[in-house]
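Naming convention: chains lettered A, B, ... in sequence-line order (proteins, then strands); numbering from 1 in each chain.
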2 protein chains.
Amino acid sequence: MPRVQPRYKAIRSYLEEAIRNREFVADQQIPTEMALAERFGVSRMTANKAIAELVAEGYLVRHQGLGTFVAEVRAESPLLEIRNIADEIRDRRHVHSSELHRLEAVAVDAPTALRLGVREGQQAFHSLIVHRENGIPIQLEERFVRPEIAPDYLQQRFEDKTPSQYLSELYPLSEMEHIVEAILPDTETSKLLEIDTTEPCLRVDRRTWSDQKLVSCARLIHPGSRYRLSSRG
Amino acid sequence: MPRVQPRYKAIRSYLEEAIRNREFVADQQIPTEMALAERFGVSRMTANKAIAELVAEGYLVRHQGLGTFVAEVRAESPLLEIRNIADEIRDRRHVHSSELHRLEAVAVDAPTALRLGVREGQQAFHSLIVHRENGIPIQLEERFVRPEIAPDYLQQRFEDKTPSQYLSELYPLSEMEHIVEAILPDTETSKLLEIDTTEPCLRVDRRTWSDQKLVSCARLIHPGSRYRLSSRG
DNA sequence: TTGTTTTAAATGTATATACAAATATATACA
DNA sequence: TGTATATATTTGTATATACATTTAAAACAA
């Protein structure tokens, strides 16, 4: 009978699973090659192969003499380095502040339902936040989350933790999608961002997944004059 | 005496070099594990390790029973899937056409010099092309190239081959940088793209490198109503 | 000619082994 | 106490080997 799955893949899956489930958290040491080899009844080189793949994909880092550790941030998005607006601002040594304008359960409309993978009219949690850099609005973040994903979403205050941070602590993100367009803001948006309705904006529609599961949809709107996306890779 | 470099790395470097130099071109089979092992006087598993790394990084693909081949497009840019505007349009089963508005040698101004890594006032080749999808302008491509990179640049007609295609045939691209902003077009741009000056546009500044060497700078402007960038990874 | 079977070639997986190199800890010594 | 030194642990590199699996081509049969 042919083996259904190579042995190293079983080990790989076990490690992936454990990282996803936060059994192993960032910077934590995972079992040594020898330990894994013994536990799974394979040779050291087989365990090595499983680990090597995860290292190549950026999930793990290894230090000779020390061990193997869960990677810090998961270098997952060389795509658009929007990551966390709060961190990004702090990296520039500027002050981040935010106002929570809305936080509620809503019945989703048709386009949102499609993006969120639910049926039209179903309930979803909705948040609307303006992020400021040194007091100046630079991002309007509108987000939809499926209730079963984050039941306590509406109880958050999102003051020192952005929705993005909150969700990524619940679900390590494994995939993301970005759609970028240039738009003119509608009246409400221009008011919230304190810009003119003739000022072009970048609109980024971002969806994030954790282990095949859609975590949330966000629409991020940035004034063109105050923001740009960059990537290098 | 300690070995300066692991043996598998020597093999890896050899393969990388050969791919960069177009000794092995896309889809071409590279030497088998056994052949590499013999040539470098190592065991098959050592050759395997070199190949496995390049496969993990997307430079090579392997097919059991067949061999190892240079990867199609180099999955290098999971960042922004702008790739080739002509291919992109054809993938949508639409008609691509383009007009060459300018093709000349110019003395670069200060900001361009900075981006291109030359001194202000030095000569560079400059092209300005409008790309159309089914007759409608969707991209204004302005490009600067250092003369020593592509001495025959000004002799091209860029009819069935875009500058991007032309350059990527000369230099396999190894890295790229994107900066995306939302802008309002100036008068010349709006005229060329046949849009109103109040229509927001995506401006993508893209620089590409081949083996550490800057190949070209391009500024791509898309009407916001007719284009969007997307990425998933 | 057409279809089937065999064979060779190439990668895929797995083991057992060996020694090197880096690191932290324990130990011995001054 | 502080400083070398030895030791154990862990990863890094490398080999030789074995058999499985996939594919294409060659040989064969109808």
Pull out every residue in residues 60-69 of chain B that has a heavy atom closer than 4.0 Å to any atom of DNA chain C, ordered by number, or say none. R62(B), H63(B), Q64(B), G65(B), L66(B), G67(B), T68(B)
Please verify the inter-ring angle class for F158(A) with Y166(A); under 30° counts as parallel, over 60° as perpendicular, anything in between as tilted. perpendicular
Tell me which residues in residues 33-50 of chain A lie within less than 4.0 Å of DNA chain D, going by non-hydrogen atoms. E33(A), R44(A), M45(A)
Provide, to the nearest angstrom, the distance between the NZ atom belonging to K9(B) and the C1' atom belonging to dA14(D). 14 Å
How far does OG1 of T46(A) sit from NZ of K9(A), to the nearest 0.5 angstrom? 13.5 Å
For R7(A) and dG12(C), give me the distance from atom CZ to atom C1', rounded to whole Å. 14 Å
Can you list, pair by pair, the side-chain donor-acceptor contacts under 3.5 Å of residues 24-37 of chain B, counting residues two or more places apart and other chains?
from, atom 1, to, atom 2, distance (Å)
Q28(B), OE1, V25(B), N, 3.0
Q29(B), NE2, L66(B), O, 3.3
T32(B), OG1, A35(B), N, 3.1
E33(B), OE1, R44(B), NE, 2.4
E33(B), OE1, R44(B), NH2, 3.2
E33(B), OE2, N48(B), ND2, 2.6
E33(B), OE2, R62(B), NH1, 2.8
E33(B), OE2, R62(B), NH2, 2.9

Name all stems that contain residues of DNA chain C, defined as runs of 3 or more consecutive Watson-Crick or G-U wobble pairs, both distances under 3.5 Å. C:1-30 with D:1-30
For L154(B), what residues pass the side chain to side chain contact (heavy atoms under 4.5 Å, CB included) criterion, not counting sequence neighbours? L103(B), A105(B), F125(B)
What's the CD1-C1' distance between I51(A) and dT13(D), to the nearest Å? 15 Å
Is the number of heavy atoms from other residues, nucleotides or ligands within 6.0 Å of CD (Q212(A)) greater than 12? no
Looking at residues at least two apart in the chain, or sitting in another chain, which of them share a ring-ring contact (aromatic ring centres under 6.0 Å, His included) with H63(A)? F69(A)
Would you say the side chain of I129(B) lies within less than 4.5 Å of the side chain of T162(B), judging by non-hydrogen atoms? no
When you check the gap from the basic side-chain N to the acidic O, do R203(B) and E181(B) get nearer than 4.0 Å? yes
Can E16(B) and R12(B) be counted as an ion pair, charged N to O under 4.0 angstrom? yes
Identify the heavy atoms of I149(B) and L170(B) that sit nearest to each other, and give their distance. O-CD1, 4.5 Å
